[in-house]
Undergrad: 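Take a look at this one; I'll ask things after.
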Number of protein chains: 2
Amino acid sequence: MARLDRAAVIAGAWDFVEASGLDALTMRKLASSLGVHHGTLYWHVENKRALIDALAEDLLAGVADIGPKEQGADRLISLAGRLRSALLSRRDGARIVAGTFVRQPNTLAFGEAAIDAARDAGVPAEDAALAAFTVQYFVLGFTIEEQSQHQLLDSGDWPTDTNAVDAGRFPLISAALDTLRRVPREAQFDYGVRRIVRSLTFTE
Amino acid sequence: MARLDRAAVIAGAWDFVEASGLDALTMRKLASSLGVHHGTLYWHVENKRALIDALAEDLLAGVADIGPKEQGADRLISLAGRLRSALLSRRDGARIVAGTFVRQPNTLAFGEAAIDAARDAGVPAEDAALAAFTVQYFVLGFTIEEQSQHQLLDSGDWPTDTNAVDAGRFPLISAALDTLRRVPREAQFDYGVRRIVRSLTFTE
DNA sequence: ACCTGAACACCGTTCAAGT
DNA sequence: ACCTGAACACCGTTCAAGT
């Protein structure tokens, strides 16, 4: 067995998360899946928090690297789509990224690119960060919900009655959930992002 | 010592979170703070997840109960402000609410009120849920960040260098962080919510 | 430089038995 | 109905000692 290094630990962590989910990820179980004593992991990674932060950074690699061909509002829309794709590319990706409160390069690069795109789309400089923030939280919120519903459906843990909101007391939510089930996620997301970006960049 | 009931467990959990934070909350430590064996808690509450869900529900009590005097976009803005106030009223309130993936009455009532307000503000019925969703995630994201910065500042764990984003590589983020430090949180939030709501409810 | 063994100080949850 | 004792099956992290 090849000697372990930090990259191998991260790769192993992804395999583990893909197979068993973020909640099951444990330093001890990860170590054993890598064929190594669990104490060993601490040679390569500071602690569990740092490992998950590293997963988030890994997931966001390249997301901000967008060509100069897209301009204005389209660039912000594009960034939002790239972020969602990256989050969806791994199980629990959205939760992994949302949980990290860090200032790591790829995370910062995304923020920087989003603010830049907002400015390019005509948002006044002092509001650009707010616009970028709004888009980012929409993507994270949307995708967290999306991924957790995937899991619930996969696990069969959501038979209908958990989902069945009392339509008498909450008619609007019931209707919204119905729409959510009918319309493809992709279309919902596109529509939502477009509407948010357009409205944020609307100059009066 | 009075006999324990579910309400006392929840009250004790709030006291504990207020004193030590959500991350320190443990069934065992909570039990001992209540002067009771930790097995006892499971008589009053199903498990730890259910306890935290109950905290979230508790926090959201009454947030949706808004008088009929506010109409249209103002009602949605009001709801957003009420949500933020509720989240801020308890330590780690935003994280507690964001972590719950549940369909409990107060949570649903807030969603219902927000969708209703969006419709009242002129958002077409089929987009109202999206608008409500966007506002809700803005408030949660904003307040999570706000509260975690409180803690970092309180703990003195953020001396300047962790916060000091490389201004050369990320000039826009650096500038945004600077603004964030200068402008009062309240004003930022109000401004942000107003802008989002106004743009979402803007009819072309 | 990298890994093991062993320990420390914890967890959440269950459940017979008590009152 | 409510609580204790005791157990089960885990955790993350550290660190001397090995190679």
Side-chain angles (χ1 to χ4, degrees), chain A residues 1-58 91-92 95-96 99-102 148 151 155 157, chain B residues 1-58 91-92 95-96 99-102 148 151 155 157:
Chain A
M1 166 108 45
R3 244 169 157 67
L4 216 56
D5 59 8
R6 190 180 160 94
V9 170
I10 290 170
W14 275 129
D15 290 344
F16 190 94
V17 167
E18 211 70 51
S20 310
L22 177 62
D23 292 335
L25 179 64
T26 268
M27 296 300 270
R28 294 168 109 107
K29 286 193 284 195
L30 173 58
S32 96
S33 84
L34 288 166
V36 105
H37 190 273
H38 60 270
T40 306
L41 294 181
Y42 291 85
W43 181 263
H44 300 287
V45 97
E46 303 87 310
N47 50 40
K48 191 182 180 183
R49 188 59 271 151
L51 172 62
I52 295 175
D53 288 349
L55 292 180
E57 259 299 277
D58 193 38
R91 181 168 175 184
D92 292 329
R95 273 169 67 215
I96 287 170
T100 60
F101 176 75
V102 266
S148 61
Q151 268 179 253
S155 72
D157 211 11
Chain B
M1 165 110 41
R3 243 168 157 71
L4 216 57
D5 58 6
R6 188 180 161 95
V9 170
I10 289 169
W14 276 129
D15 289 345
F16 190 94
V17 168
E18 212 70 52
S20 310
L22 177 62
D23 292 334
L25 179 64
T26 269
M27 297 300 271
R28 295 170 109 106
K29 285 192 286 193
L30 172 58
S32 97
S33 84
L34 288 165
V36 105
H37 189 274
H38 60 270
T40 306
L41 294 181
Y42 291 85
W43 181 262
H44 300 287
V45 97
E46 304 87 310
N47 50 40
K48 190 182 180 182
R49 186 58 274 148
L51 172 61
I52 295 175
D53 288 350
L55 293 180
E57 259 300 277
D58 194 38
R91 181 168 173 183
D92 291 330
R95 274 170 66 212
I96 287 170
T100 61
F101 176 75
V102 268
S148 60
Q151 266 181 254
S155 72
D157 212 13

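Numbers restart at 1 for each chain; the letters A, B, ... are given by sequence-line order, proteins then strands.
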Undergrad: Contact list please: residues 12-27 of chain B against DNA chain D, heavy atoms, distance less than 4.0 Å, in numerical order.
TA: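 Those residues whose heavy atoms fall under 4.0 Å from DNA chain D, taken from residues 12-27 of chain B, amount to none.
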Undergrad: Is there side-chain contact between A:Val45 and A:Ile10, with at least one heavy-atom pair below 4.5 Å?
TA: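 No, their side chains stay 4.5 Å or more apart.
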Undergrad: Does B:Lys48 reach the side chain of B:Leu30, with side-chain heavy atoms less than 4.5 Å apart?
TA: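 Not in contact.
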Undergrad: Indicate the atoms forming the closest heavy-atom contact of B:Leu51 with B:Met27, along with that distance.
TA: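 That closest heavy-atom pairing would be CD2-SD, 4.1 Å.
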Undergrad: Between D:dC2 and C:dA17, how many Å separate the two C1' atoms, rounded to a whole number?
TA: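 So the two C1' atoms sit 13 Å from each other.
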Undergrad: What does A:His44 touch in the nucleic acid at a heavy-atom separation under 4.0 angstrom: a base, only the sugar-phosphate, or nothing?
TA: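 Touches sugar-phosphate only.
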Undergrad: Mind checking whether B:Lys29 and B:Leu25 have side chains closer than 4.5 Å, heavy atoms only?
TA: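 Sidechains of B:Leu25 and B:Lys29: no contact.
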Undergrad: Please report, rounded to the nearest Å, how far the P atom of D:dC11 is from the NZ atom of B:Lys48.
TA: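 Result: 15 Å.
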Undergrad: Hey, are the side chains of A:Leu34 and A:Thr40 touching, using non-hydrogen atoms and a 4.5 Å cut-off?
TA: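 Counting from C-beta outward, A:Leu34 and A:Thr40 never come under 4.5 Å.
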Undergrad: Closer than 4.0 Å, any side-chain N/O of B:Tyr42 to the OP1 or OP2 of C:dT13?
TA: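 Affirmative; the distance criterion is met.
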Undergrad: Would you mind telling me which of C:dT13, D:dC11, C:dC3 lies closest to the side-chain atoms of B:Arg28?
TA: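 Closest nucleotide among those given: C:dT13.
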Undergrad: What integer distance in Å separates A:Glu46:CD from D:dG12:C1'?
TA: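 Those two atoms, CD and C1', are 14 Å apart.
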Undergrad: Take the protein atom CG of A:Leu41 and the nucleotide atom P of D:dG12, then report the distance between them rounded to whole Å.
TA: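 It works out to 10 Å between those atoms.
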Undergrad: According to a 3.5 Å limit on both distances, what stems of 3 or more consecutive Watson-Crick or G-U pairs are formed with DNA chain C?
TA: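 Listed by first number, the stems are C:4-8 with D:12-16, C:12-16 with D:4-8.
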Undergrad: Nearest whole angstrom, please: distance from the C1' of C:dA1 to the CZ of A:Arg3.
TA: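 Value for this atom pair: 6 Å.
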Undergrad: How far does the P atom of C:dC10 sit from the matching atom of D:dA9, given to the nearest Å?
TA: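 Roughly 22 Å separates the two P atoms.
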Undergrad: Please check the phosphate of D:dC10 (OP1 and OP2 only) for any side-chain N or O of A:Lys29 closer than 4.0 Å.
TA: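 No, outside the criterion.
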Undergrad: Do the side-chain N or O atoms of B:Trp43 get closer than 4.0 angstrom to the phosphate oxygens (OP1, OP2) of D:dC3?
TA: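 No, no such contact exists.
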Undergrad: With a 4.5 Å limit on heavy-atom distance, are the side chains of B:Ile96 and B:Trp14 in contact?
TA: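 A side-chain contact under 4.5 Å exists here.
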Undergrad: Between A:His37 and C:dC2, does any side-chain N or O lie under 4.0 Å from OP1 or OP2?
TA: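 Checking C:dC2 against A:His37, no side-chain N or O comes under 4.0 Å of OP1 or OP2.
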Undergrad: Within less than 4.0 Å of OP1 or OP2 of D:dC2, is there a side-chain N or O belonging to B:Thr40?
TA: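 No, B:Thr40 has no side-chain N/O under 4.0 Å of OP1/OP2 on D:dC2.
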Undergrad: Nearest whole Å is fine: how far is D:dC2 P from B:Leu34 CG?
TA: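 Atom-to-atom, B:Leu34 to D:dC2, this comes out as 15 Å.
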Undergrad: Find the distance B:Asn47:CG to C:dC11:C1' and express it as a whole number of Å.
TA: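 Taking CG of B:Asn47 and C1' of C:dC11, I get 14 Å after rounding.
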Undergrad: Please state how far atom CG in A:Asp5 lies from atom P in C:dC2, giving the value in whole angstrom units.
TA: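 Roughly 8 Å, once rounded to whole Å.
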